[in-house]
Amino acid sequence: MKRRQALKGLGAVGSLGFVGCSSPLGSGGVVLGWITVVNLSTTPTTVRLAVEADDTLLDRRISLGPVDGDDGRARTTIAPTWTESRPEYSVWALYLDEDGERASDSWEYTFTREDYERYYGDETADPGCIGAVVTVGDTSGSEYPPIGISPTRVADPCEASASE
């Protein structure tokens, strides 16, 4: 998969749905939907990804293939296993070395109602939740470049599916 294809695929991940995100948003926090993790490096990368609210809801080791690999392993989508409650969800990630040990500082992003308004405030139909994208690696040659974590706009962020 080439870098351009991986980035282009981010727009298509909205067609991959998930479980646990179907209620209207209303006031308060935001319901966090699916999370897509993409490796932008030409080398395989392993990260630890966590989702937290009041507790740790997900804590997973993720190995991704190189962006220029043909096997499609440079990207993965994680369906939420958490409830539809609306706390402040935080997603954090850090690099792991070849032994599975922490190899970098962690990067964190907390999703808020303002994020939702920025991406979906102009919609007449309220999708009810917001997706997230996590980008790791780059082509600079840096061993552990910054990890990007942010909300993302997709057509159907709450479409139900068992896909991961």
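Because only heavy atoms are used, hydrogens play no part in the values below, and waters and symmetry mates are left out as well, while side chains stay in.
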| Tyr144 vs Asp97, side chain to side chain contact (heavy atoms under 4.5 Å, CB included): CA-CA, chis, key distance, verdict | CA-CA 10 Å; Tyr144 302 114; Asp97 65 16; 4.1 Å; yes
| task | Could you give me the CA-CA distance, side-chain angles and deciding distance for Ile62 and Ile78, then say whether side chain to side chain contact (heavy atoms under 4.5 Å, CB included) is met? | result | CA-CA 10 Å; Ile62 300 171; Ile78 301 168; 3.5 Å; yes
| said: Is there a side chain to side chain contact (heavy atoms under 4.5 Å, CB included) between Leu32 and Val91? Walk through the geometry before answering. | reply: CA-CA 10 Å; Leu32 181 62; Val91 174; 3.9 Å; yes
| message | Walk me through whether Thr152 and Trp34 qualify under side chain to side chain contact (heavy atoms under 4.5 Å, CB included). | response | CA-CA 10 Å; Thr152 188; Trp34 58 265; 3.7 Å; yes
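Looking at heavy atoms from C-beta onward, Leu64 lies out of side-chain contact with Arg75 at the 4.5 angstrom threshold. Under the 4.5 Å side-chain criterion, counting only non-hydrogen atoms from C-beta, Tyr116 is not in contact with Pro151.
Remark: of the listed residues Asp71, Thr76, Asp70, Asp71 is the sole one forming a side chain to side chain contact (heavy atoms under 4.5 Å, CB included) with Arg73. When the options Val136, Leu96, Leu94 are evaluated for a side chain to side chain contact (heavy atoms under 4.5 Å, CB included) with Val47, the one that passes is Val136.
In this structure, Trp107 and Tyr95 have perpendicular ring planes: the angle between them is above 60°, well past the 30° mark.
Minimum heavy-atom separation, Ser140 to Asp138: OG-OD1, 2.8 Å. When all heavy atoms of Ala93 and Val134 are compared, the closest pair comes out as CB-CG1, 4.4 Å.
Of the possible donor and acceptor atoms, none in the side chain of Arg113 sits under 3.5 Å from a partner among the backbone N and O of Asp115. The backbone N or O of Ser41 sits less than 3.5 Å from a side-chain atom of Asn39, completing a donor-acceptor pair. Not one N or O on the side chain of Asp99 forms a donor-acceptor pair closer than 3.5 Å with the backbone of Glu101.
Between the CZ atom of Phe111 and the CD1 atom of Ile35 there is a distance of 7.0 Å, given to the nearest 0.5 Å.
Linking Ile, Leu, Val, Met, Phe, Trp and Tyr residues whenever their side-chain heavy atoms come within less than 4.5 Å places Leu49 and Tyr109 in a single cluster.
Here Thr110 pairs with Glu88, Ser90, Glu108 under the side chain to side chain contact (heavy atoms under 4.5 Å, CB included) rule; sequence neighbours left out.
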